[in-house]
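Here's the structure, in structure tokens; my notes come after.
No experiment lies behind these values; they were computed from the predicted model shown. Because only heavy atoms are used, hydrogens play no part in the values below, and waters and symmetry mates are left out as well, while side chains stay in.
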Amino acid sequence: MRSPRLFYAQTMPGVEQIAWLEIRERLAGSRCVEFLYTKDQNGIVLFEYGGPVENLLSLRTTEDVFAVVASAEKLSHDWRDL
């Protein structure tokens with residue numbers, strides 16, 4: 001297994017912890033970093049995983065999964081921060 005990379009999985013609101021249970025079960029060696037929420041629009045599971053990225057396609061409780069390549073603190077989550 002490669003060194004863990006950071007990913008985030010986007011879910012429907014309120015499904016974050018269920019998605020984490022699936023991630024933990026299907027992606028061996030994964031580690032939960034944080035749960036995030038976006039104003040009743042999305043739930044987000046931030047997690048580390050070092051296995052093959054193809055395994056991310058097996059997730060069923062997530063809407064999308066993204067690799068985190070950069071992050072910034074204290075964004076307003078407004079269009080201006082894009």
Q.
Hydrophobic clustering (ILVMFWY, side-chain heavy atoms < 4.5 Å, transitive) - are V33 and Y49 grouped together?
A. no
Q) Who passes side-chain contact (heavy atoms from CB on, under 4.5 Å) against I44, sequence neighbours left out? A) Y8, L36, T38
Q. Would you say the side chain of F47 lies within less than 4.5 Å of the side chain of L27, judging by non-hydrogen atoms?
A. yes
**Q.** Flag side-chain contact, heavy atom, 4.5 Å: F35 against V45
**A.** yes
Please list, one pair per line, the donor and acceptor atoms closer than 3.5 Å that link side chains of residues 9-24 to other protein atoms, with sequence neighbours excluded.
{"residue": "T11", "atom": "OG1", "partner": "G43", "partner atom": "O", "Å": "3.3"}
{"residue": "E16", "atom": "OE2", "partner": "G14", "partner atom": "N", "Å": "2.8"}
{"residue": "E22", "atom": "OE1", "partner": "R60", "partner atom": "N", "Å": "3.2"}
{"residue": "E22", "atom": "OE1", "partner": "T61", "partner atom": "N", "Å": "2.9"}
{"residue": "E22", "atom": "OE1", "partner": "T61", "partner atom": "OG1", "Å": "2.5"}
{"residue": "E22", "atom": "OE2", "partner": "R26", "partner atom": "NE", "Å": "2.9"}
{"residue": "E22", "atom": "OE2", "partner": "R60", "partner atom": "N", "Å": "2.8"}

**Q.** Between OG1 on residue T62 and CG on residue L57, distance to nearest 0.5 Å
**A.** 9.5 Å
Q. Which distance, rounded to the nearest 0.5 Å, do you find between the SG of C32 and the CD of E34?
A. 8.5 Å
Q) Is any side-chain heavy atom of V53 closer than 4.5 Å to a side-chain heavy atom of F7? A) yes
Q.
With salt bridge (Lys or Arg N to Asp or Glu O under 4.0 Å) as the rule and sequence neighbours excluded, what pairs involving residues 44-56 come up?
A. R31-E48
